[in-house]
> 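Handing you a structure now.
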Amino acid sequence: MNANGVTFEAYPSLKGKDAQVIDLPFDKPGVWNVASWDTANAGKTPDQKLLSKVGSFAIYVNDNDNELHDNAGRPRTGDLVFDSIKLVGERDPYVPDSEPEEPSEPVTDADPIVIDDFESYADTDAVKAAWGNRGTAPLSLLEEDGNKALEFKTDFADGAWVATAKYLDGQDWSGLDTLKLRVKNDQSDNAMALQIGTMDGNYFLYQFKLDSARPADWMDVEVPLIGDEEDNMKTFVLSHSDAGEGQRLMKASDLKSIKEIVLASSQWNAPAGVDFTVDDIQIVAKGTASDSKPETKPEEPSEPAEPTEPEETPDYSADMATGDPATCPITFEQVPVEDSDDPSDPATETSKPVADDKNQSDNKNQSSSKADENKSVANTGSSIAVIAAVAVALVLAGAATLVWARQRRQR
């Protein structure tokens, strides 16, 4: 059985031909042991934590040829019948000491992790030794203009999926959220595949099309590690799970213990073969994956103010006719003109820096013109005031003459 990524085996006895009940307790030492080939988990026992997540159970029959030597007479053929395979007994469910906290946001100032920039390798044999977790036939070290990169070339003669990998030994990517690398496109319309394997046996896959519509040149590729469910074609998706998990996207907890990174080619297009190059593979934090400027959202225009009804101007016609100074809005008092050189004058006060001497001269001319205009308006106001006073005097004199004439006529 596979319990939380660890493979355990038990070997009950098959002596005799009579029916029997076989019990294989999990807590009895020596009954369930880690498979001999699973050296990374040697010595573990099927405890509650591992048994909380069993991914598979299988029955195998081994040919113990070491016991068949010297004509031991054990049969190699026959029928085995199994029935009523079940779990029995009671035990407390596994409760972790504390649930691991999912980081809500990547750490934007976290240092990037360089997976490989290929500059340290002396030759192709050296790079194949580092990327030897799968086949290394398609790999070679390429050097151009003093820069080293990894060339991946295959004709798919051995299948539509060709892979190589670099072992990372439980590397912690916590706080980082983007895989970044440079890719030289071969325009084959096949795919470059990237796979991230975790120490608990999960593998997450992303495939990048080597598009014939793009230039056969270097390009920057950035892939979010923790993607969006609505756009899962642009991020890593679970493609294999030792524990039998269904398809899902990566979570922050998956980044805590990375086993290996797989670089592969996948045949999408009928014409066989790929020949692409990769360089500068690194894991970075959000906000450092791209050199592009951050988007700035334009300010929303403010809503125009609701038009207000103009205040109704009172009817002063009667007061103007009688010349009542208590209610008549006209004043004949001359308003003094302020000196235009006052710093508080809006004509000279500004919050923007003056660009040059020409602008300063223009501002002074405008201030002088405005002052002259103010003086002209003031003089005009004085003239109107004098004319109005003379007119009132003439009207009063005429009225007095008319009254005197009527009184004389009546006498």
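Everything numeric here is computed off the predicted structure, so don't read it as measured data. The analysis underlying the following values was restricted to heavy atoms, covering all of them including side chains, and did not include hydrogens, waters or symmetry mates.
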> Check Ser266 against Phe156 and note the closest heavy-atom contact, atom names and distance.
C-CZ, 3.9 Å

> Taking all non-hydrogen atoms of both residues into account, name the closest pair between Val162 and Pro138 and its distance.
CG1-CG, 3.9 Å

> Could you label the plane-to-plane angle of the Phe236 and Tyr206 rings as parallel, tilted or perpendicular, counting under 30° as parallel and over 60° as perpendicular?
tilted

> Once rounded to the nearest 0.5 Å, what's the spacing between atom CD of Glu151 and atom OG of Ser140?
4.0 Å

> Considering only heavy atoms from C-beta outward, does the side chain of Leu181 approach that of Leu194 to under 4.5 Å?
yes

> Do Leu141 and Leu150 come within less than 4.5 Å of each other through their side chains, counting heavy atoms only?
no

> Decide side-chain hydrogen bond (donor to acceptor under 3.5 Å, both in side chains) for Tyr203 and Glu260; before the verdict, give the C-alpha distance in whole Å, the side-chain angles of both, and the deciding distance to 0.1 Å.
CA-CA 9 Å; Tyr203 281 80; Glu260 62 180 350; 2.5 Å; yes

> For Asp116, which of Arg182, Lys166, Lys148 qualifies under salt bridge (charged side-chain N to carboxylate O under 4.0 Å, His left out)?
Lys166

> Show your working on side-chain contact (heavy atoms from CB on, under 4.5 Å) between Thr277 and Trp218 and close with a plain yes or no.
CA-CA 9 Å; Thr277 310; Trp218 286 99; 3.6 Å; yes

> Could you grab the distance from atom CD1 of Ile226 to atom OG1 of Thr178, nearest 0.5 Å is fine?
9.0 Å

> Please say whether more than 12 non-hydrogen atoms of neighbouring residues, nucleotides or ligands are located less than 6.0 Å from CG in Leu87.
no

> Of the non-hydrogen atoms in Gln195 and Ser239, which two are nearest, and what is the gap between them?
NE2-OG, 3.0 Å

> Assess the residue pair Ile22 and Phe82 against the criterion (side-chain contact (heavy atoms from CB on, under 4.5 Å)); give the C-alpha distance rounded to whole Å, side-chain angles, the decisive distance to 0.1 Å, and a yes or no.
CA-CA 10 Å; Ile22 298 174; Phe82 299 93; 5.8 Å; no

> Apply the test side-chain contact (heavy atoms from CB on, under 4.5 Å) to residues Ser241 and Asn202: give CA-CA distance (whole Å), side-chain angles for both, the deciding distance (0.1 Å), then the verdict.
CA-CA 4 Å; Ser241 172; Asn202 287 335; 2.8 Å; yes

> Within the supplied structure, the quantity of interest is the number of heavy atoms (other residues, nucleotides, ligands) at a distance under 6.0 Å from Lys128 NZ; does it exceed 12?
yes

> Report yes or no: does Asn147 contribute a side-chain atom to a donor-acceptor pair with the main-chain N or O of Glu144 at less than 3.5 Å?
no

> Rounded at 0.5 Å granularity, tell me how far OG1 in Thr7 sits from CG in Asn33.
13.0 Å

> What's the separation between atom CZ in Phe118 and atom CD1 in Ile281, rounded to the nearest 0.5 Å?
4.0 Å

> Leu24 versus Pro12: any side-chain heavy-atom pair under 4.5 Å?
yes

> Is there side-chain contact between Val54 and Asn2, with heavy atoms separated by less than 4.5 Å?
no

> Please check if the side chain of Asp279 supplies one atom and the backbone of Ala149 the other of a donor-acceptor pair under 3.5 Å.
no

> Please give me the minimum heavy-atom distance between Pro224 and Lys234, naming the atom from each residue.
CD-O, 3.3 Å

> Under a 4.0 Å threshold between the charged nitrogen and the carboxylate oxygen, would Asp200 count as salt-bridged to Lys53?
no

> Could you tell me whether the side chain of Val278 reaches within less than 4.5 Å of the side chain of Phe152, counting heavy atoms only?
no

> Nearest 0.5 Å, please: how far is CZ in Phe208 from CG in Asp211?
8.0 Å

> So Val237 and Leu249, do their side chains get closer than 4.5 Å, heavy atoms only?
yes

> Is it the case that more than 12 heavy atoms not belonging to Asp172 sit under 6.0 Å from its CG atom?
yes

> Any side-chain to backbone donor/acceptor pair from Asn190 onto Gly273? Under 3.5 Å, distance only.
yes

> Which heavy-atom pair separates Val223 from Thr235 by the least distance, and what is that distance?
CG1-CA, 4.0 Å

> Measure from the side-chain N and O atoms of Ser212 to the backbone N and O of Asp189, and report whether any donor-acceptor pair falls under 3.5 Å.
no

> Going from NZ on Lys180 to CD1 on Ile283, what distance comes out if it is rounded to the nearest 0.5 angstrom?
11.5 Å

> Any side-chain heavy atom of Ile261 within less than 4.5 Å of one from Trp131?
yes

> Test side-chain contact (heavy atoms from CB on, under 4.5 Å) on Leu263 and Met192 and set out the steps.
CA-CA 7 Å; Leu263 177 66; Met192 174 196 72; 4.0 Å; yes

> Test your reading of the model: is there a side-chain donor-acceptor pair from Asn4 to the backbone of Lys49, 3.5 Å cut-off?
yes

> Which heavy atom in Phe276 sits nearest to a heavy atom in Ala264, and how many Å separate them?
CZ-O, 4.0 Å

> Got Ile196 and Asp254 here, is their nearest side-chain heavy-atom distance under 4.5 Å?
no

